[in-house]
J.: 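Here it is, the structure, as structure tokens.
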Amino acid sequence: MALIRGDAVETGAERRLLAEAEAALPAVLRDIRPGLSTGVSAVEQDGRRFFELGTTAGDRIELRLDTAALPQPLLARTFTNTTTDRYVVQLADTLRPELAGQVLSREVGELLAVRDRATVGARVPLDSLLAPGATLPAHPELSDADRGRAEEFNYLAARMNDADLGAAERLDARHRFSELVDESGLRPRSPATDASHAIELYAADIRQDVVRPLLRAGAREAMAELAQPVERLGSADARAVVEARAARAAEGAAPVVPPGFTMPGLRPDGSPVPRAELDRAAAEAAERRTSLSGRTLEELRARQAALPEGRHPQYELMIGGGAALAARSPDMLLVDARGRWHVDPIEAIVQSADQVRHLRQSGMGDPYQFADPRQRVPLPALQLWEDTAAVRGPLVDGRAELRVGAEGRLLAEISPADGSDPVTVEVKGSPLIATGIPPEIVPGADRQVPTVPEATEHLADGLAALGAPEATAARDRLLSLPEGQDRAAASLAVLADAGVTGGLAAAGDPRVAGAMETLRATAAWEEARAAAPGRVLMGDEVGDGDYDPSVARDWVIAGVGGAAIANAEIILQARPDSRVFMVGKDAPFVLHNDAQYTALRAKHDAEYGGDGRLVTFSGRYLGAVGTVTAPDGRVRLAALDSSGRSLGVEGDAYVACLGRVSRLPHSVDSVESWARSAGGEVRGELRFDKDRQYLGYRLEFEAHGQRHACDVTGAASRMLPTHVFGREDTARLAVLNDKTTPPESGNVAAGFMATALQGSHLARHTAAEREQRQGPPSTGGTNGTAGATVTAGATGAAGPGDAQRAVGAAARSRSTPRTAPGQNRPAAPGPAVPPPHLRNRPGPEPGRGRGPGA
């Protein structure tokens, strides 16, 4: 029987897989780090089940095991949080339970390597030496993933020699060890008669020298016996290797990936931008972007001038950018307002480099290039990455709104950020929308009916149901009110004048009650903004730098979540004498795991030993904003509860950070209105790739026999509009969001890393669809995406270099005693340098590859 969590189904196979992994964990720790743990205990706390590991150093490590749908060929994925010492290992939900221990040994080994390195602040080696397809660099060293693979060897060797296991189990462990040797480039794959055999043998020797110090005695012995060319293995071992190679070949081709781009963060000469030059590099990237935007506008206007009246230039279109630029094709016209991280006054994102280490796999950037493992990644790095990705095709800095033209064509009205005249383009295909998180909710508004338009719609239905003449007249007046500010107060006045408020309340419709609550809260908000100009703000206004920090000393922030703490940091940094009073329910668990929250409270919250400039009032349920007149006549702002009573928290300014409205992106408002006003339909569908990775959602608008579609991705796709999607889809996405970014990681599904990875999955999916339609792209093609991943070189290859030297070095017998690593070694062949267009590209995920079959 399946266990239902939300609408996600945990199958019996998944439960067996988790049970096997949990049972294997103590043995894994014993076999890979016998001196690390003083004990392992399972803990159930606040709905979480995790393992608590005590260490001989007196530390406490939390490790949670889970299952998830993972992109091929991943067998597992580990989220590391060296700030809080919390870690999550996700096993692929298709993994065979009997392989759980082996895969877990690799993941635990990797997270311990990350932890060890962060503890001493060591440099982070990025390129994996033992990953399938890895080339041999000039100065070989092991990445964190390689160290995890070394522990996998230790685990398998321990099972090979475990007298408590049966002969079949020990033999299986031996064959898996040998297969792992093959995948890690530790034995040549070419026959001894092949010209490349010698260079592969040399590369394998180098790898063995580097990994040997991490192997325990049993693994070193097994390596010496099994890391031999197939021709030198015993018949049973040789047969197992040949069969494993055939099985991998039968699995089919590698996942389709589009030709890609150099990862952002390089100087013109191809070398990485040093940290000291980050600000200058970001400024230069911004200048290139501005220049290209101007040239693109000139081209658009020139093309428009050559067309007959009523026609417009045709483009594939992407609206919005940010980390979702990982999904962008250079054929697309990008229209992006250059917001969020380009305007946020905060100095760095709230995650450390370790917390967003998977970002590199998306191709959007390398967090370790500009931050130490436990350091937060600086905003100029994100700006550099985004601006570099933005100039890979035509772009306009600005905003775009979609509409349906008179002839039924889908058009985009583009308003350039430089203030020049708008331009119009005709959209080819389905536009891609990545405009970021939806707007914030007004304090006190009903979350089921959060906006004035929605409230008007429900009240109109309620008035129609009353049927009385005065109700009908009130409905007509309500629907005729103009859009914009003061509509909420005007709507309340219409209902009061008609005397229908009591009748609506008596109807008992919760949607009508919620609509009235939203109107009252919105009217109170607009009244407060008018009474205290510049001092009643939405959190996004602070986050966008669209506020004046000098207008107030004491700030009330409504909310205690991620946006609230980020705005608190911005305000406290902007004015040295400012004070912030955060008020709300409870800080979410994820907040306690990022690199910002605890550090900021330790600096400014007296409860944490800080200077007292930050005070948190938790356990409060907020209603609408309130105004209070001070003795000097100045208007002060107050936090109220849902009944309008003061919560005892006042300030000179008020910032609302209470969550967001689940709505469609603003850019499709006109198209939605086109469909609904004609009695048409608006449909939504969640989109997934073949590996069940969430790509976003598709919208279809249909009216007058015409149909238009658009795709929404990135942060905008992480909150589903409730009037389009049902509870089943919403519940499903909530589970997927938690899997995408476990709260222990300090990340959120709408954050930079998750969005970039989603974009790279979408890029691969789009490339695969294109290949199905058109066949594989020609070599050297120019079309691509930011999220491409390239495997440079064949498994075990040493790469281009002086093959003659390698042949001489490899000619020695593998059975002769070997020198210690680095002693009397002949010169290595030339480093495996990829061609310029692939340098600094993300390779296959470090330490992953096909591994044991799933």
Side-chain angles (χ1 to χ4, degrees), residues 289-321 324-325 327-339 389-436 664-678 680-682 696 698-714 716 766 770 773-774 782-783 785:
R289 174 172 177 160
T290 299
S291 176
L292 179 57
S293 177
R295 295 196 303 274
T296 302
L297 281 170
E298 291 177 1
E299 179 184 347
L300 288 176
R301 293 189 170 108
R303 290 187 61 185
Q304 179 66 74
L307 292 173
E309 186 176 353
R311 298 307 303 270
H312 304 283
Q314 294 183 338
Y315 282 91
E316 295 181 28
L317 184 67
M318 180 175 185
I319 303 175
L325 287 169
R328 185 256 180 117
S329 163
D331 293 330
M332 284 180 163
L333 169 63
L334 170 66
V335 181
D336 179 34
R338 213 172 187 168
V391 298
R392 290 169 178 161
L395 79 95
V396 174
D397 287 333
R399 302 183 183 276
E401 294 186 5
L402 299 172
R403 65 176 176 87
V404 179
E407 297 182 7
R409 296 186 179 92
L410 186 62
L411 306 177
E413 299 287 347
I414 301 173
S415 300
D418 63 8
S420 61
D421 292 339
V423 294
T424 302
V425 299
E426 182 179 335
V427 181
K428 292 172 58 178
S430 300
L432 181 62
I433 299 175
T435 47
L664 294 176
H666 281 295
S667 55
V668 301
D669 283 353
S670 178
V671 184
E672 181 184 22
S673 178
W674 166 82
R676 295 196 185 279
S677 63
E681 290 187 275
V682 179
R698 172 160 291 172
L699 294 170
E700 288 190 352
F701 306 90
E702 188 171 1
H704 306 296
Q706 299 171 347
R707 180 180 301 170
H708 296 286
C710 64
D711 295 319
V712 180
T713 193
T766 302
R770 182 183 299 115
R773 293 192 306 267
Q774 305 173 357
T782 58
N783 294 344
T785 66

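These values consider heavy atoms only, across backbone and side chains, with no hydrogens, waters or symmetry-generated copies.
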J.: Can you tell me how far apart CG (L325) and CZ (R392) are? Round to the nearest 0.5 Å.
T.: 8.5 Å
J.: Are the side chain of R301 and the backbone N or O of V423 linked by a donor-acceptor pair below 3.5 Å?
T.: no
J.: Just how far is it from atom OG1 of T424 to atom CD1 of I414, taken to the nearest 0.5 Å?
T.: 7.5 Å
J.: Is a donor from one side chain sitting under 3.5 angstrom from an acceptor on the other, for T766 and R770?
T.: no
J.: Which pairs with one or both residues in residues 393-405 pass salt bridge (Lys or Arg N to Asp or Glu O under 4.0 Å), sequence neighbours excluded?
T.: R289-D397, R338-D397, R403-E413
J.: Hey, are the side chains of P431 and L410 touching, using non-hydrogen atoms and a 4.5 Å cut-off?
T.: yes
J.: Between A703 and A675, what is the shortest heavy-atom contact and its length?
T.: CB-CA, 3.9 Å
J.: Any carboxylate oxygen within less than 4.0 angstrom of a Lys/Arg side-chain nitrogen, looking at E702 and R707?
T.: yes
J.: Between S430 and C710, what is the shortest heavy-atom contact and its length?
T.: CB-CA, 4.2 Å
J.: Can you sort out the partners of A412 under side-chain contact (heavy atoms from CB on, under 4.5 Å), two or more places apart, ordered by chain and number?
T.: L317, L402, V425, V427
J.: Give, for atom CG of D711 and atom CD of E700, the distance between the pair rounded to the nearest 0.5 Å.
T.: 9.5 Å
J.: Kindly write out the residues that satisfy salt bridge (charged side-chain N to carboxylate O under 4.0 Å, His left out) with D418, not counting sequence neighbours, or none if the list is empty.
T.: none
J.: With sequence neighbours excluded, tell me which residues meet side-chain contact (heavy atoms from CB on, under 4.5 Å) with A324.
T.: M318, A434, T713, T755
J.: Where do S677 and S673 come nearest, in terms of heavy atoms and distance?
T.: OG-O, 2.7 Å
J.: H312: what forms a side chain to side chain donor-acceptor pair (under 3.5 Å) with it, not counting sequence neighbours?
T.: Q304
J.: Are the side chains of V668 and F701 in touch, meaning some heavy atoms are under 4.5 Å apart?
T.: yes
J.: Compare all side-chain heavy atoms of L333 with those of T296 and state whether any distance is below 4.5 angstrom.
T.: yes
J.: Who passes salt bridge (charged side-chain N to carboxylate O under 4.0 Å, His left out) against R676, sequence neighbours left out?
T.: E672
J.: The criterion is side-chain contact (heavy atoms from CB on, under 4.5 Å); which residues satisfy it with R409, sequence neighbours excluded?
T.: R311, E407, L411, E426
J.: Once side-chain contact (heavy atoms from CB on, under 4.5 Å) is applied, do any residues pair with R303, and if so which ones, sequence neighbours excluded?
T.: E299, P313, Y315
J.: For the residue pair L395 and A390, what are the closest heavy atoms and their distance?
T.: CD2-O, 3.1 Å
J.: Can you name the residues that form a side chain to side chain donor-acceptor pair (under 3.5 Å) with H704, not counting sequence neighbours?
T.: none
J.: Report yes or no: does S667 contribute a side-chain atom to a donor-acceptor pair with the main-chain N or O of A400 at less than 3.5 Å?
T.: no
J.: So, for T435 and P665, which heavy atoms are closest and what is the spacing to 0.1 Å?
T.: OG1-CB, 3.6 Å
